[in-house]
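The structure under discussion appears below in the form of structure tokens.
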Amino acid sequence: MSEIVLKIDDKEVKVAAGTTVLQAAQQAGIYIPTLCHHEKLEAFGGCRLCIVEVESRGWTSYVVSCLYPVAKDIIVRTRSEKVDKIRKVLVEELMAHAPDAPELVKLAEVYGADRNRFERKESFCVVCGLCVRYCDEVKHLNAVGFIDNGAEREISFIPEVAKDVCWECQECFALCPTSYAQAAYLLTEALAFPGQRKAAVRAAKVPVATQRIIPIKPVAATT
Amino acid sequence: MSGNNIDGIIAIIEKYRGQPGSLIHALVEIQHENHWLPREVMHQVADALEVPFAQVMQIASFYKAFSLTPKGRHEVHVCTGMTCHLRGAAKLQAKVEELTGLRDGETDAENKFTFETGACLGSCSIGPELIVDGKHYGRMTPEKVEAVLKQYE
Ligand code: SF4
Ligand code: FES
Ligand code: FES
């Protein structure tokens, strides 16, 4: 496979053709912030936080690095005044959903984002799609999916599927940057199949102390 | 699934059995045949076309052409676009709502009418207009609405 040489933040990087700019940066040990990226999943390009500045033959453009393939002799800048400003607004928009999400709190500090800039949204899901894509691509269970479109887009657990598989898996809960996946599951359970899990536990006579509890992600202290 | 055209739906599902790539075609045809997509039908589509139910839901909820709630036998539209609005669409809408007892987006219990508003239905010159099952009634006035709706059973 042919190799491509490009420049990322003044560092010469050599990677295989077809690599994305994000992967190339990661291989070179250069950090680009991401939210919807996960190495086991297809690139999604949903959060736009991984945006970088690319200079190619004198032209500067802004691209989403998790989707953008490397090209010969391009110059990538992972931070610039404009890149930082775009990320700041993106973080502010995401914080309208989830002002306390640890990853966002950290990013807000870096980019000087104001968590109260935009009006609070009802749902704290940032539609990164990690839960939906993980359930589909890795687990092949499709217990959670997208519904609706545009600004109304949401994730939704499918009760018929979720009731049999989610409690045993719960893997998407830990992936979710905002803990919404877990909340959405519990709400679905409460509405669509309440008590089923407790009944099963009772029937199996599992002592309460050894029942699995939801592994709640530690929320980083907002100092 | 009473009230649904079961044979028609089954025929469509069978036509696309085992073809995940035809999901949208199948849903479009079922929507056309049945005017809405009941959940059980979407489950059958998922099973037959071998796609996850979550994906069927994703597609069905994404496009406004699909309805996930029951639709009446007749679809009544009042244009609320700017031209029709200036020509009195609001009064027209109020009259339709009064006669049918339906608000925007609702369907009556007998599944007779579904009432929806829409913005600019492309016939500004004959506005304000009332559209029933695709038939345009131009220059509509609140007084004439009753006679139009009476034609539909
Ligand atoms: S529930 Fe969490 S993981 Fe799923 S799309 Fe929303 S923010 Fe992402
Ligand atoms: S990581 Fe690239 S768009 Fe989210
Ligand atoms: S505004 Fe009603 S048809 Fe254009």
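Reminder, nothing fancy here: chain letters follow the sequence lines and each chain counts from 1. Model, not experiment: these values are computed from the prediction.
- Residues A:Phe157 and A:Cys172 meet the side-chain proximity criterion, which asks for heavy atoms closer than 4.5 Å.
- With a 4.5 Å cut-off on side-chain heavy atoms, B:Thr117 and B:Phe115 count as touching.
- Across B:Leu49 and B:Leu23, no two heavy atoms sit closer than the pair CD2-CA, 3.6 Å.
- In this structure, B:Lys95 and B:Pro142 approach most closely via the heavy-atom pair CG-O, 3.4 Å.
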Under 3.5 Å, which donor-acceptor pairs link chain B to chain A? Give each pair on its own line with the distance.
from, atom 1, to, atom 2, distance (Å)
B:Arg39, NE, A:Glu160, OE2, 2.8
B:Arg39, NH2, A:Glu160, OE1, 2.8
B:Arg39, NH2, A:Glu160, OE2, 3.3
B:His43, NE2, A:Glu160, OE2, 2.6
B:Ser61, OG, A:Asp148, N, 2.7
B:Phe62, O, A:Asn149, ND2, 2.4
B:Lys64, NZ, A:Asp148, OD1, 3.3

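- Residues A:Cys131 and A:Ala181 share a closest heavy-atom pair of CB-CB, 4.3 Å.
- For chain B, no part of A:Val132 is nearby; none of its heavy atoms comes within less than 4.5 Å.
- Scanning all heavy atoms of the two residues, the minimum distance from B:Leu121 to B:His136 falls at O-CE1, 4.1 Å.
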